[in-house]
2 protein chains.
Amino acid sequence: MSVSVRDVAAAASVSVGTVSNVLNHPGKVAPETVARVQAAIEKLGFVRNDAARQLRAGKSRSIGMVVLDVGNPFFTDVARGAEDRAAEDGFTLLLGNSDEKLAREGSYLDLFEEQRVHGILITPVGEDLTRLGRVQANGTPAVLVDREADRAQFSSVSVDDVAGGYLAVRHLIEQGKRRIAFVGGPHGLRQVQDRLAGARKAVAEAPGVQLELIDTDSLSVLQGRAAGEALQSREAVHRPDGVFAANDLLAMGVLQALHMLGDIRIPDDIALIGYDDIGFASAAVVPLSSIRQPAALIGYTAVDLMLREAAAGAGFEREHVVFQPELVVRQSTSGA
Amino acid sequence: MSVSVRDVAAAASVSVGTVSNVLNHPGKVAPETVARVQAAIEKLGFVRNDAARQLRAGKSRSIGMVVLDVGNPFFTDVARGAEDRAAEDGFTLLLGNSDEKLAREGSYLDLFEEQRVHGILITPVGEDLTRLGRVQANGTPAVLVDREADRAQFSSVSVDDVAGGYLAVRHLIEQGKRRIAFVGGPHGLRQVQDRLAGARKAVAEAPGVQLELIDTDSLSVLQGRAAGEALQSREAVHRPDGVFAANDLLAMGVLQALHMLGDIRIPDDIALIGYDDIGFASAAVVPLSSIRQPAALIGYTAVDLMLREAAAGAGFEREHVVFQPELVVRQSTSGA
DNA sequence: TTCAATTCTTGAAACGATTCATTCTCGACG
DNA sequence: CGTCGAGAATGAATCGTTTCAAGAATTGAA
């Protein structure tokens, strides 16, 4: 059914080895032979069988990536950066979506292992990285994205989320806000923990400022809207006057709820700041203040580290790149 | 280096065939043997080599999908639906991003062919589908997504874009708008052509209404912003009073430009409507009217058709599912 | 004319899982 | 007591590509 090198070899009256050389080391083959083989390939419509190729090579030309949420523009931006770097070296990016679920994350890791992927980029759902450690021990380099852990074991590319949380809440406090609410969850996510830790730090430095936690099940617009509705249904005096959402999707949900259902003024009654600075943040009902992370660069760098680790082999010194987040002020916190 | 069935077989004192049976047809193996083999698998940390598996099987358990823009939530929603359907049958979705570029589309098709993918879902960049036809002829079913073509050759799942364009512009006209501008491009994209055709139809029905075309290089927020800035810099009398953008990203860009840079009132001075009804549309500065498409369902259905075609084999009667778009009115066209 | 040095080409041996025709083991039944 | 058959297990052959040691052909120098 499918055309193989054998068929091409026969059609061009050469050996299979020569066909393979034309494909992979054309310099080693006489020009006219190359032409003849290529004509045969063209004529027969030969397409390399990647499975056989990989079987022989022992490793694939793909890189596996698992993100928390493909619906979040932040992660698609990271993936884009990763894809760019991968393409530079002829690698393909396989993108998996864990949806913040351990089970889905696990099944992508299974898949990637079975595919003998060249390396793995992952934003892990939980704290437990033993599974990933095992993969790594078997020779597949893994790089943590947007998350730092056990520095000796995994390379990582991250942004200082504690600093980001601090920036966000300090900014709210500087705007005169005193009753701050942190909207986010699940708390198993390191991003959530760190951003909250930064928030706590900023609050601790400012006497008289209170911090309230409003938990969500995930970092989605829907969850944000639910949180916003909860706030909106409270009596005005019991509402916070500043809200820090763990990411922009949540923030946009909160914004929708507050703005559309209620008569709450933003930022006068409640100031709102998000995290990630996704492209849509600036186009929101009230343009959203946020903490910017260099998404594409994170992805690019992660693949870079991974490829370096793969090339270096066993005794590789793990690297850790930490970017600094940046405060972006828009109308949702600054009425002017 | 890597553990193979052979190693497992040796460790469990059985033959390789038995190990394979434990993996694939556990019913054919005596329970105690299954246990022994599984213990060996566990102990050695055996992971199936997918390349070898595929080589033998001749086809992979993956489905390839090429979309125009992963940054567009519409397509990630479609992909999500596709992934769901694929997962139901144990397939994996490989997601490629053509970025509206023929070259990138081509390299994904190459990749998918080499991977002997089970089937292909694609929103093609251009008009020329001969390449895709060849792939299809080689036994890999291809389903067109959000695009209908040569009905005998490819199955397709689409939305009636002409109807959608018609709905959008008729709505603008009903709001009393008379000088309509269509923002979109490149015109090589069928989506753009059809939506424009619908717009033309609506304009043709309404005496005295003019249609102006504002071309863009792609369907992105950035391009939309450029178009919006161009409009904004015109003298008021030369501006359109209704704008139909070929998708929501463009519309949001236009909105940003008009709203932030200028003193143009929306919808009073200019009414604006987009297409796709992405989640962010309702959270825009001015909540955006749009044409809704059942994104996830489109993806789900596309995989469904593809799997049916793959199962049926050669003499398969192509199917064509066409969904109807729906007008969603928000403040950007209806001041109330 | 011969020999050495290049430059090309060859074809068998891997890679690792799956398949399938065979062989082996029991137990039941006549 | 011999035979038959179901249930288990076996292992060689296979998928299609790449690699690599070895052979063939060509060139130039002596």
Side-chain angles (χ1 to χ4, degrees), chain A residues 1-38 40-41 44-62 90 110-111 113-118 138-139, chain B residues 1-38 40-41 44-62 90 110-111 113-118 138-139:
Chain A
M1 156 144 159
S2 192
V3 183
S4 79
V5 273
R6 197 154 263 105
D7 304 315
V8 174
S13 325
V14 295
S15 70
V16 291
T18 299
V19 175
S20 176
N21 280 331
V22 169
L23 256 25
N24 304 297
H25 314 280
K28 291 192 183 303
V29 181
E32 55 203 279
T33 312
V34 172
R36 198 146 37 94
V37 171
Q38 261 162 358
I41 288 177
L44 300 179
F46 167 77
V47 176
R48 252 210 202 85
N49 183 323
D50 197 49
R53 197 168 144 76
Q54 280 184 36
L55 174 56
R56 187 71 236 269
K59 253 191 182 315
S60 85
R61 301 289 294 168
S62 312
D110 285 346
L111 180 73
E113 274 198 274
E114 293 190 358
Q115 306 240 61
R116 299 292 190 274
V117 140
H118 209 79
N138 287 338
Chain B
M1 159 144 162
S2 191
V3 183
S4 80
V5 274
R6 200 154 259 102
D7 304 314
V8 174
S13 326
V14 296
S15 71
V16 291
T18 300
V19 175
S20 176
N21 279 332
V22 169
L23 257 24
N24 303 297
H25 314 281
K28 290 192 185 303
V29 182
E32 56 204 280
T33 312
V34 171
R36 196 146 38 95
V37 171
Q38 261 162 357
I41 288 177
L44 300 178
F46 167 76
V47 177
R48 252 207 200 87
N49 184 324
D50 198 49
R53 198 167 142 76
Q54 279 185 36
L55 173 56
R56 189 73 235 275
K59 251 191 183 317
S60 86
R61 300 288 294 169
S62 314
D110 285 345
L111 180 72
E113 275 198 275
E114 293 191 357
Q115 307 240 61
R116 300 293 191 272
V117 140
H118 209 79
N138 287 336

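From a predicted model like this one, the values you see are computed outputs, not experimental measurements. Each chain gets a letter, A, B and so on, in the order its sequence line appears, and its residues count up from 1.
Take A/Thr18 and apply the side-chain hydrogen bond (donor to acceptor under 3.5 Å, both in side chains) test, not counting sequence neighbours, and it matches A/Ser15. Considering only residues two or more places apart in sequence or on other chains, B/Asp50 meets the side-chain hydrogen bond (donor to acceptor under 3.5 Å, both in side chains) condition with B/Gln54.
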Detail all sub-3.5 Å separations between protein N/O atoms and N/O atoms belonging to nucleotides 6-8 of chain D.
none

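Put simply, the side chain of B/Gln115 reaches to within 4.5 Å of the side chain of B/Leu111, judged on heavy atoms.
Rounding to whole angstrom units, CG of residue B/Leu44 and P of C/dG16 are separated by 14 Å. Residue A/Lys59 contributes atom NZ, which lies 16 Å from atom C1' of C/dG16 at whole-angstrom precision.
Overall, the helix from C/dT1-D/dA30 to C/dG30-D/dC1 carries an axis bend of 60° between its ends, with five pairs at each end and the value rounded to 10°.
Within the 4.0 Å cut-off from OP1 or OP2 of C/dT10, at least one side-chain nitrogen or oxygen of A/Thr18 is found.
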Between B/Val47 and A/Glu114, does a side-chain contact (heavy atoms from CB on, under 4.5 Å) hold up when you go through it step by step?
-> CA-CA 6 Å; B/Val47 177; A/Glu114 293 190 358; 3.9 Å; yes
When you look at B/Arg6 and B/Val19, which way does the side-chain contact (heavy atoms from CB on, under 4.5 Å) test go after all the steps?
-> CA-CA 8 Å; B/Arg6 200 154 259 102; B/Val19 175; over 6 Å; no
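Shortest non-hydrogen contact noted between A/Lys59 and A/Val117 is NZ-O, 3.7 Å. Contact detail for B/Ala11 and B/Leu44: the closest heavy-atom pair is CB-CD1, 3.9 Å.
A side chain to side chain contact (heavy atoms under 4.5 Å, CB included) with B/Val8 holds for exactly one of B/Leu23, B/Val14, B/Val3; it is B/Val3.
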Could you go through residues 24-33 of chain B and list every donor-acceptor pair under 3.5 Å that involves a side-chain atom there, pairing it with any protein atom two or more places apart or in another chain?
| unit_1 | atom_1 | unit_2 | atom_2 | d |
| --- | --- | --- | --- | --- |
| B/Asn24 | OD1 | B/Arg48 | NH2 | 2.9 |
| B/Asn24 | ND2 | B/Ser20 | O | 2.9 |
| B/Asn24 | ND2 | B/Ser20 | OG | 3.4 |

What is the per-nucleotide protein-contact pattern of nucleotides 13-27 of chain D, from the 5' end, where B denotes a base atom under 4.0 Å from a protein heavy atom, S denotes such proximity for sugar-phosphate atoms only, and - denotes neither?
-> -BBBBBB--------
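Under a 3.5 Å cut-off, the side chain of B/Arg116 and the backbone N or O of B/Ser60 do not form any donor-acceptor pair.
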